[in-house]
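Worksheet: the structure to be examined is printed underneath.
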Amino acid sequence: MQLEIADVLVVEDSALQRQHACQLCAGLGIGQQRQAADGEQALEMMRERLPALVLLDLEMPKLDGVQVMQQMAREGLSVPIVVTSGKDYLLITTVELMGRELGLPVLGGLKKPLHSQALLDLLKRLRAPGGGQDGADALCNEQDVRLALDQKQLIPYYQPKVTLDGGLLKGAEMLARWRHPELGIIPPSRFIPVIEASGWATELTLCMLEQGLTQWQEWARRGLRLPLSVNLSALSLKGEVLINEIEQRIRDSRVPPRYIIFEITETAIADNLAEAIGIAARLRLGGLGLSIDDFGTGFATFQQLMRFPFTELKIDQSLVTSVADKPHLEAVLNSIIELARRLQLSTVAEGIETNTDLDFVGHRGCLMGQGYYFAKPMASDQFESWVKERMQARKSAPEPAAPKADD
Ligand code: C2E
Ligand code: MG
Ligand code: MG
């Protein structure tokens with residue numbers, strides 16, 4: 001795989017490790033490597049010219065890696081960062097989180113000595129939607145987003161949700177995309193914050209739901225009856241409007257409610273406990289599915305979880321992607337899966353990118369997964385072709401690993 005990264009700045013006090021890192025980068029096709037032996041020198045070099053990537057060691061004389069990141073944030077030196085350290089993973093993860101809280105595009109962390117494959121896996125995030133680079137994209141302008149809503153340019157992409165042991169298709173998550181007439185497809189990180197800040201969150205939910213219901217009917221006519229998941233913004237949890245409108249649309253569409261699942265994030269619940277409980281109860285009373293999204297990133301307590309009538313728990317991708325390289329997360333993952341089992345919730349691991357991720361979460365008892373390993377989010381026609389191909393493959397070679405349509 002060819003990476004399009006022009007240059008890298010390797011910040012590392014050990015000459016040996018520096019040389020090793022440069023060799024790995026050269027091997028991955030990064031044309032130019034610059035080196036800094038301490039934090040102060042690194043900042044000087046970044047001020048002179050921003051590199052496309054920084055490999056940043058944590059323990060260094062003068063300024064350490066933490067101080068370098070704090071200074072980068074203060075000076076607006078926004079460069080994708082890979083944190084490297086010989087220390088334990090818990091410390092590396094803490095520093096990664098700190099960098100993201102400071103608004104820096106941290107791709108991830110690696111334990112030294114560095115390995116080419118692990119570095120490559122992180123660098124792929126530079127181009128992946130939802131990856132570290134994504135958050136650094138500029139937000140869209142409010143007037144343009146208003147126009148997009150009015151002109152129905154916001155459409156759902158569909159990402160399959162499959163069983164981990166047999167690859168059976170169990171549903172699809174609808175993820176909003178802006179099909180811009182000139183700029184092409186724009187990811188949600190660039191327009192959803194604008195929608196939420198402008199008070200249009202409920203409008204977005206209903207716009208996605210309506211398209212999903214129409215799509216469901218179309219696929220059902222062709223024999224594919226598939227549960228569809230809709231993301232609910234934290235900001236649409238306020239007030240009665242949303243739930244009444246949702247119920248109305250589902251009644252009108254005649255789609256059986258059990259085929260629609262609403263995803264609410266852990267943070268949204270913690271922020272609006274009373275309203276969220278009311279909405280959750282009404283959604284479930286109406287026979288709809290209810291999923292807790294991005295679980296493991298917030299601070300939802302066991303008690304809070306127990307009060308909600310969830311049917312599904314989605315484990316956040318930070319606990320899934322490359323988890324085999326982060327041994328300290330294993331206990332967290334195990335306890336989440338166990339918790340879900342006790343509460344009789346189905347579990348979905350988000351962000352399965354490799355066979356290793358799949359094996360790791362599968363062996364720990366997680367039932368379903370979503371991720372680039374199976375398929376990226378796709379427009380409805382591409383999704384349909386994907387399903388057909390899988391079914392075809394299954395017919396000609398009935399291996400257990402080939403997904404099939406299944407409700
Ligand atoms: P989410 O609901 O947690 O959705 C999962 C995100 O992870 C999606 O990003 C998906 O493309 C990405 N993803 C899936 N598999 C992988 C993988 O293997 N590796 C990696 N690195 N990423 C993977 P996307 O589509 O950019 O959406 C980002 C977030 O935007 C969503 O996170 C959700 O919170 C929000 N969002 C998307 N559509 C809607 C919507 O219609 N309404 C609301 N309220 N929020 C939405
Ligand atoms: Mg979701
Ligand atoms: Mg999620």
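Worth saying up front: this structure is predicted, and the values here are computed from it rather than measured. We count ligands from 1, going down the list as the structure has it; atoms in each ligand are counted the same way.
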Checklist entry - Is the closest heavy atom of K376 to ligand 1 under 4.0 Å? => result no
Next on the checklist: Please check: side-chain N/O of D13 versus main-chain N/O of M60, any donor-acceptor pairing under 3.5 Å?
Outcome noted: no
Checklist entry - What atoms of ligand 1 come within less than 4.0 Å of a heavy atom belonging to I352? => result 18 (O)
Item to check | Heavy-atom donor-acceptor pair, Q344 side chain to R341 backbone, under 3.5 Å | outcome: no
Checklist entry - How open is the angle at the Mg ion (ligand 2) from atom OE2 of E173 over to atom OD1 of N231, rounded to 10 degrees? => result 90°
Checklist entry - Any side-chain heavy atom of Q217 sitting closer than 4.5 Å to one from V255? => result yes
Checklist entry - Rounded to 10°, how big is the angle at the Mg ion (ligand 3) from D294 OD1 to E350 OE1? => result 100°
Checklist entry - Is K112 paired with E59 through a side-chain N to carboxylate O contact shorter than 4.0 Å? => result no
Checklist entry - What do you reckon, does T321 put a non-hydrogen atom under 4.0 Å from ligand 1? => result no
Checklist entry - Are a donor atom and an acceptor atom from the side chains of R146 and N141 found within less than 3.5 Å of each other? => result no
Checklist entry - Out of curiosity, is R177 lining ligand 1, as in a heavy atom under 4.0 Å away? => result yes
Checklist entry - Are G351 and ligand 1 in contact, using a heavy-atom cut-off of under 4.0 Å? => result yes
Checklist entry - Any idea how F310 and F308 line up, ring-wise: parallel (<30°), tilted (30 to 60°), or perpendicular (>60°)? => result parallel
Checklist entry - Is there at least one pair of N or O atoms, one from A176 and one from ligand 1, spaced under 3.5 Å apart? => result yes
Checklist entry - Do any nitrogen or oxygen atoms of Y373 lie less than 3.5 angstrom from nitrogen or oxygen atoms of ligand 1? => result no
Checklist entry - By atom name, which N, O or S atom of D293 is the nearest to the Mg ion (ligand 3)? => result OD1
Next on the checklist: Test of understanding: given a 4.0 Å heavy-atom threshold, classify the contact between Q370 and ligand 1 as side chain, backbone, both, or neither.
Outcome noted: neither
Next on the checklist: I want to know if ligand 1 touches Y372 in the polar sense, i.e. an N/O pair below 3.5 angstrom.
Outcome noted: yes
Item to check | Verdict with reasoning, Q211 to I155, per side chain to side chain contact (heavy atoms under 4.5 Å, CB included) | outcome: CA-CA 8 Å; Q211 296 184 69; I155 55 157; 3.8 Å; yes
Checklist entry - Quick one: does K111's side chain have a donor or acceptor within less than 3.5 Å of a partner on G86's backbone? => result yes
Item to check | Close approach of E353 to ligand 1, heavy atoms, under 4.0 angstrom | outcome: yes
Checklist entry - Counting from 1, what ligand 1 atoms have a heavy atom of S233 closer than 4.0 Å? => result 44 (N)
Checklist entry - Given D7 and R49, is the side chain to side chain contact (heavy atoms under 4.5 Å, CB included) satisfied, shown in steps? => result CA-CA 11 Å; D7 63 331; R49 176 164 61 83; 3.0 Å; yes
Checklist outcome for this item: Quick note on ligand 1: atoms under 4.0 Å from a heavy atom of P377 include exactly 11 (O)
Checklist outcome for this item: Note: ligand 1 atoms sitting under 4.0 Å from heavy atoms of Q159 are 14 (C), 15 (N)
